[in-house]
Amino acid sequence: MNQPDKRPFTFPKHFLWGAATAAHQVEGGNHNQWTVWELENAKVRAAQSEYQIEDYDSWSRVKDQAKNPSNYVSEALADHYNRYEEDFDLLGKMHMNAYRFSVEWARIEPQEGAWSPAAIQHYKDYLHSLRGRGIEPMVTLFHFSLPVWFMEKGGFEKRANVKYFVRFAEKIISELGVNVKYIITINEPEVYAMESYYYGNWPPATRSKYKFWRVMNNMALAHRQAAKAIHGMNRRYKVSIAKNSNFFYAGDNAWLSRASAAVYQYFQDDYVIKKYIKHCDFLGVNYYQSQRIYGYRIHNPTDKVSDVEWTLAPADIQHVLERLNNKYHKPMIVTENGLADNRDINRQWWITQTLIGMQKAMAGGVPLEGYLHWSLIDNFEWAYGKWPRFGLAEISYETGERTLRPSAKWFGRILKKIRGV
Ligand code: IFM
């Protein structure tokens with residue numbers, strides 16, 4: 001028996017253990033602002049990949065895919081829209097009891113004010129299937145993909161458009177009804193605003209501090225109004241955002257490094273969370289990375305990195321959870337956590353360290369209620385396209401075959417022990 005299997009992990013009986021996905025990243029066959037942009041930009045992205053990521057450790061392994069325009073076009077992907085039952089089987093194989101996914105607004109309301117009964121029925125069947133397997137669903141309403149008509153109206157740049165999102169939230173939650181309890185209104189709000197309106201890496205690929213700031217505020221308003229509407233329907237719904245939280249720390253003891261780390265942490269977390277928290281029943285936390293600060297600059301260690309060159313520091317999840325608990329005193333759920341690791345060489349170690357970090361945080365009083373790994377299956381990784389592999393299950397984009405990676409099988413064995421199932 002290998003070492004991690006012997007670790008005496010103890011978690012509460014009703015802890016949620018699962019994995020997460022998002023519609024545009026796994027469903028295939030979508031039509032939204034991303035699919036339009038992907039087709040327009042695939043060639044340029046492929047050509048730019050050489051100088052954008054050639055210094056990544058993974059470059060020699062991924063360059064053929066990264067230089068190929070088809071990598072940047074989502075198209076069929078894992079065809080999760082049609083093959084979701086197979087993917088839910090994977091949850092069962094790993095002894096999981098929870099699953100986070102997003103509903104695709106562009107399918108549900110393909111034209112302004114025109115609802116698609118077929119798409120709504122699809123998500124009802126989807127939830128029914130999860131419930132039938134004893135899996136607790138967590139539904140995300142906005143996970144970076146938006147209807148084209150909504151973007152043509154200016155998307156979240158315009159305050160007047162917030163009402164469309166709130167109407168969508170009310171409609172889909174009233175349709176999904178009793179089968180859903182946990183609702184994430186918005187995934188990683190400032191990541192969306194930064195990438196789409198500040199850096200210009202994602203559609204609508206705008207670079208404007210003013211628009212970034214407007215989108216940030218309008219999304220916060222959208223959350224508050226949607227949360228009010230959802231709670232107005234039934235107070236039993238548990239609503240939150242999924243807040244990505246890097247852990248910032250000073251690399252030395254210099255005053256400037258320590259002060260800068262605190263400032264980075266404040267703007268990433270508190271500046272954003274304070275706009276949302278009064279309308280959250282719990283706090284969803286996405287943890288992927290830590291950032292080491294020297295002076296006022298980020299300068300990370302490079303000894304262990306993922307395929308997308310993120311420094312791997314899984315145990316730091318403890319500090320993230322402790323800090324957020326000290327500030328906000330809300331129940332928390334890890335709504336995403338994972339790594340791009342095509343060779344599956346670090347995932348088992350990552351999960352082990354994460355479980356240890358979570359357990360330490362809980363022993364210190366953090367009210368953590370669940371852990372959802374990103375991702376259940378390989379996903380379309382936004383501007384990087386298809387080459388980064390975050391899945392517990394590998395997807396063959398040629399045949400559609402799903403294969404649990406060795407780390408996932410190991411995680412399943414650990415969960416069997418932890419959950420006593
Ligand atoms: O794939 C993304 C997801 O859509 C949002 N959180 C981070 C993941 C990995 O980059």
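Hydrogens, waters and symmetry mates play no part in the numbers below; they use all other heavy atoms, side chains included. Start at 1 and go down the list; that is how both ligands and their atoms are numbered.
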A.B. asks: Which atoms of ligand 1 are found less than 4.0 Å from any heavy atom of Trp382?
C.D. replies: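 Contacts of ligand 1 toward Trp382, numbered from 1: 1 (O), 2 (C), 3 (C), 4 (O).
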A.B. asks: Just by distance, do the side chain of Asn71 and the backbone of Tyr384 share a donor-acceptor pair under 3.5 Å?
C.D. replies: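 Such a contact is found between Asn71 side chain and Tyr384 backbone.
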A.B. asks: Which protein non-hydrogen atom lies closest to atom 9 (C) of ligand 1, naming both residue and atom, and how far is it?
C.D. replies: Glu381 OE2, 3.2 Å
A.B. asks: Which protein non-hydrogen atom lies closest to atom 8 (C) of ligand 1, naming both residue and atom, and how far is it?
C.D. replies: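 So the nearest neighbour among protein heavy atoms is Tyr288 OH, 3.4 Å.
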A.B. asks: Under 3.5 Å, sequence neighbours excluded: what are the donor-acceptor pairs made by side chains of residues 295-304?
C.D. replies:
| residue | atom | partner | partner atom | Å |
| --- | --- | --- | --- | --- |
| Asn300 | OD1 | Arg292 | N | 2.8 |
| Asn300 | ND2 | Gln291 | OE1 | 2.7 |

A.B. asks: Would you confirm whether Thr399, through its side chain, and Glu401, through its main-chain N or O, come within 3.5 Å as a donor-acceptor pair?
C.D. replies: yes
A.B. asks: So if I count the atoms of ligand 1 from 1 in the order they appear, which ones are less than 4.0 Å from some heavy atom of Asn187?
C.D. replies: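 In order of number, 5 (C).
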A.B. asks: For Arg207, does the CZ atom have more than 12 heavy-atom neighbours from other residues, nucleotides or ligands under 6.0 Å away?
C.D. replies: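 It does not: Arg207 CZ has 12 such atoms or fewer within range.
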A.B. asks: Can you list the ligand 1 atoms lying under 4.0 Å from a non-hydrogen atom of Gln25?
C.D. replies: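 In order of number, 1 (O), 2 (C), 3 (C), 4 (O).
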A.B. asks: Should you measure from each heavy atom of Phe390, which atoms of ligand 1 turn up under 4.0 Å away?
C.D. replies: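 Listed by number with element: 9 (C), 10 (O).
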A.B. asks: Check ligand 1 against His143 and write out every atom of the ligand that is under 4.0 Å from a heavy-atom position of the residue.
C.D. replies: 3 (C), 4 (O), 5 (C)
A.B. asks: Quick check against the 3.5 Å criterion: does Asn161 have a side-chain atom that pairs as donor or acceptor with the backbone of Phe156?
C.D. replies: no
A.B. asks: Among all protein heavy atoms, pick out the one at the shortest distance from atom 7 (C) of ligand 1; state its residue, atom name and that distance to 0.1 Å.
C.D. replies: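 Ranked first by proximity to atom 7 (C) of ligand 1 is Glu336 OE1, 3.2 Å.
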A.B. asks: Are Tyr264 and Gln268 packed together at the side-chain level, in the sense that at least one heavy-atom pair is separated by less than 4.5 angstrom?
C.D. replies: no
A.B. asks: Contact between Trp310 and ligand 1, counting heavy atoms under 4.0 Å?
C.D. replies: yes
A.B. asks: Does the Lys409 side chain pair with the main chain of Lys93, one donor and one acceptor, at a distance under 3.5 Å?
C.D. replies: no
A.B. asks: Within less than 4.0 angstrom of ligand 1, does Val191 place any heavy atom?
C.D. replies: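 No; Val191 lies far enough from ligand 1 that no heavy-atom distance drops under 4.0 Å.
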